[in-house]
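Here the structure is a predicted model, which is why all the values come from computation and not from measurement. Lettering follows sequence order; numbering is per chain, from 1.
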Number of protein chains: 2
Amino acid sequence: MVNNHSYDLDAVFHALSDPTRRAMVRQLAEHERTVSDLASPYDMSLAAASKHIRVLERAKLIERTVRGRTHICKLNPKGLSRVHKWLSYYERFWTQKLDALETLLAEEDNKKK
Amino acid sequence: MVNNHSYDLDAVFHALSDPTRRAMVRQLAEHERTVSDLASPYDMSLAAASKHIRVLERAKLIERTVRGRTHICKLNPKGLSRVHKWLSYYERFWTQKLDALETLLAEEDNKKK
DNA sequence: ATTATATTCAACCACATGGTTAACAATCAC
DNA sequence: GTGATTGTTAACCATGTGGTTGAATATAAT
């Protein structure tokens, strides 16, 4: 039965399901960028990029500051931390399951030395 | 552009963008369940639930074992670890700690490719 | 052999998504 | 003011998504 703020996660995960949007997030992790900055690497219209940015904004993954005619976008850490929180529930589970694999990798590493 | 294995993440994030599917993942974190088990909490046809399960499967978030006429689904830890790996790049935004396990997982993932 | 159970598949539908182009709005530079 | 720059909005299109129902498949039970 779905949890309390699942509607948020819907938007967050949906936003992140597109490679263009993930790449934009990555760019914003370096520093703030304008809409055209974000759009420039992609072979698509500015309107299309603008839509992507709006999806990220609606998911609260980024924030926008309008200064003059330029819109400056920056990452909103809280957006991604929502994913982290969601994931943390499962983290124990899969870290446990991968324990054996870690050991294997460690052994392999020791052999190299 | 994006990165190499983005297509994986497309599927993973898309799969997780639906509340029904996230709830299914949550159920599977407890223990394995059959398709009807997974479907039963929801007010939708079995066929619809079956589709959801297939989306999770294609994203490699779960695995299926057919035994007789029942299909037993279990969580695939590696699926979620992909999300964690992706997320770990951004973790510095809300925490300073760097988990050693992340590094191990990253290495494991690199070796596979 | 018949019937019930577990699940998928195929066809269909309404709506969402990601892209386009063209028009609009606001700001800056001259 | 005129014109260029930055960005959004609107209308449109092809494809994808999540749901339905009904038929098909495979196995289990009697």
Side-chain angles (χ1 to χ4, degrees), chain A residues 1-2 6-28 31-75, chain B residues 1-2 6-28 31-75:
Chain A
M1 176 89 319
V2 184
S6 73
Y7 54 92
D8 276 344
L9 283 174
D10 286 12
V12 171
F13 280 122
H14 167 67
L16 294 176
S17 73
D18 183 278
T20 299
R21 289 193 290 260
R22 282 199 307 281
M24 285 176 166
V25 166
R26 190 99 178 194
Q27 291 301 302
L28 291 173
H31 51 72
E32 306 181 341
R33 286 171 202 268
T34 69
V35 168
S36 342
D37 284 347
L38 284 171
S40 64
Y42 309 106
D43 186 21
M44 66 176 66
S45 68
L46 189 63
S50 175
K51 277 187 181 180
H52 280 303
I53 291 167
R54 201 159 62 96
V55 170
L56 290 169
E57 202 180 6
R58 288 246 171 107
K60 292 175 180 145
L61 284 166
I62 70 173
E63 281 167 359
R64 180 194 307 245
T65 314
V66 179
R67 218 168 81 192
R69 63 186 160 176
T70 73
H71 297 205
I72 298 166
C73 303
K74 69 171 184 186
L75 202 63
Chain B
M1 288 269 77
V2 183
S6 73
Y7 56 90
D8 276 345
L9 284 172
D10 286 12
V12 171
F13 280 122
H14 167 68
L16 294 176
S17 73
D18 183 278
T20 299
R21 289 192 292 261
R22 282 199 308 279
M24 284 175 166
V25 166
R26 191 103 179 191
Q27 291 301 301
L28 291 173
H31 50 73
E32 307 181 341
R33 287 171 201 269
T34 69
V35 168
S36 343
D37 284 347
L38 285 172
S40 63
Y42 309 105
D43 185 22
M44 66 176 66
S45 68
L46 190 62
S50 175
K51 278 187 182 181
H52 280 303
I53 291 167
R54 206 161 76 88
V55 170
L56 290 168
E57 200 180 8
R58 278 194 306 138
K60 292 175 180 143
L61 283 165
I62 70 173
E63 280 167 1
R64 180 194 308 245
T65 313
V66 178
R67 215 173 125 187
R69 63 186 160 175
T70 73
H71 296 204
I72 299 166
C73 303
K74 68 172 181 185
L75 202 60

Between [atom2] of [N] and [atom1] of [X], the distance in whole Å:
X: A/Phe13; N: C/dA16; atom1: CZ; atom2: P; value: 22 Å
X: B/Arg54; N: C/dC9; atom1: CZ; atom2: C1'; value: 9 Å
X: A/His71; N: C/dA25; atom1: NE2; atom2: C1'; value: 10 Å
X: B/Arg67; N: C/dT5; atom1: CZ; atom2: C1'; value: 17 Å

Quiz prompt | Nearest non-hydrogen partners of B/Ser17 and A/Phe13, listed with the distance | solution =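 Closest approach of B/Ser17 to A/Phe13, heavy atoms only: CA-CB, 3.5 Å.
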Exercise. Search all heavy atoms of A/Ala59 against all heavy atoms of A/Ala11 and return the closest pair with its distance.
Key: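 Result for this residue pair: CB-O, 3.5 Å.
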Quiz item: So, B/Arg33 side chain and B/Met24 main chain: donor-acceptor pair closer than 3.5 Å or not?
Solution: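 Between the backbone of B/Met24 and the side chain of B/Arg33 there is no qualifying donor-acceptor contact (under 3.5 Å).
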Exercise. Return the set of residues passing side chain to side chain contact (heavy atoms under 4.5 Å, CB included) with B/Ala47 (not counting sequence neighbours), or none when no residue passes.
Key: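 For B/Ala47, the residues satisfying side chain to side chain contact (heavy atoms under 4.5 Å, CB included) (neighbours in sequence not counted) are B/Ser45.
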Practice problem: Carefully, step by step, assess B/Leu28 and B/Leu61 under the rule side chain to side chain contact (heavy atoms under 4.5 Å, CB included). | Solution: CA-CA 10 Å; B/Leu28 291 173; B/Leu61 283 165; over 6 Å; no
Quiz item: When every nucleotide of nucleotides 16-26 of chain D is labelled 5' to 3' by its protein contacts under 4.0 Å (heavy atoms), B for base, S for sugar-phosphate only, - for none, what sequence of letters results?
Solution: -SSBBB-----
Quiz item: Which pairs, with at least one residue in residues 52-61 of chain B and sequence neighbours excluded, count as a salt bridge (charged side-chain N to carboxylate O under 4.0 Å, His left out)?
Solution: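 Checked against salt bridge (charged side-chain N to carboxylate O under 4.0 Å, His left out) - neighbours excluded - the pairs reaching residues 52-61 of chain B are B/Glu57-B/Arg64.
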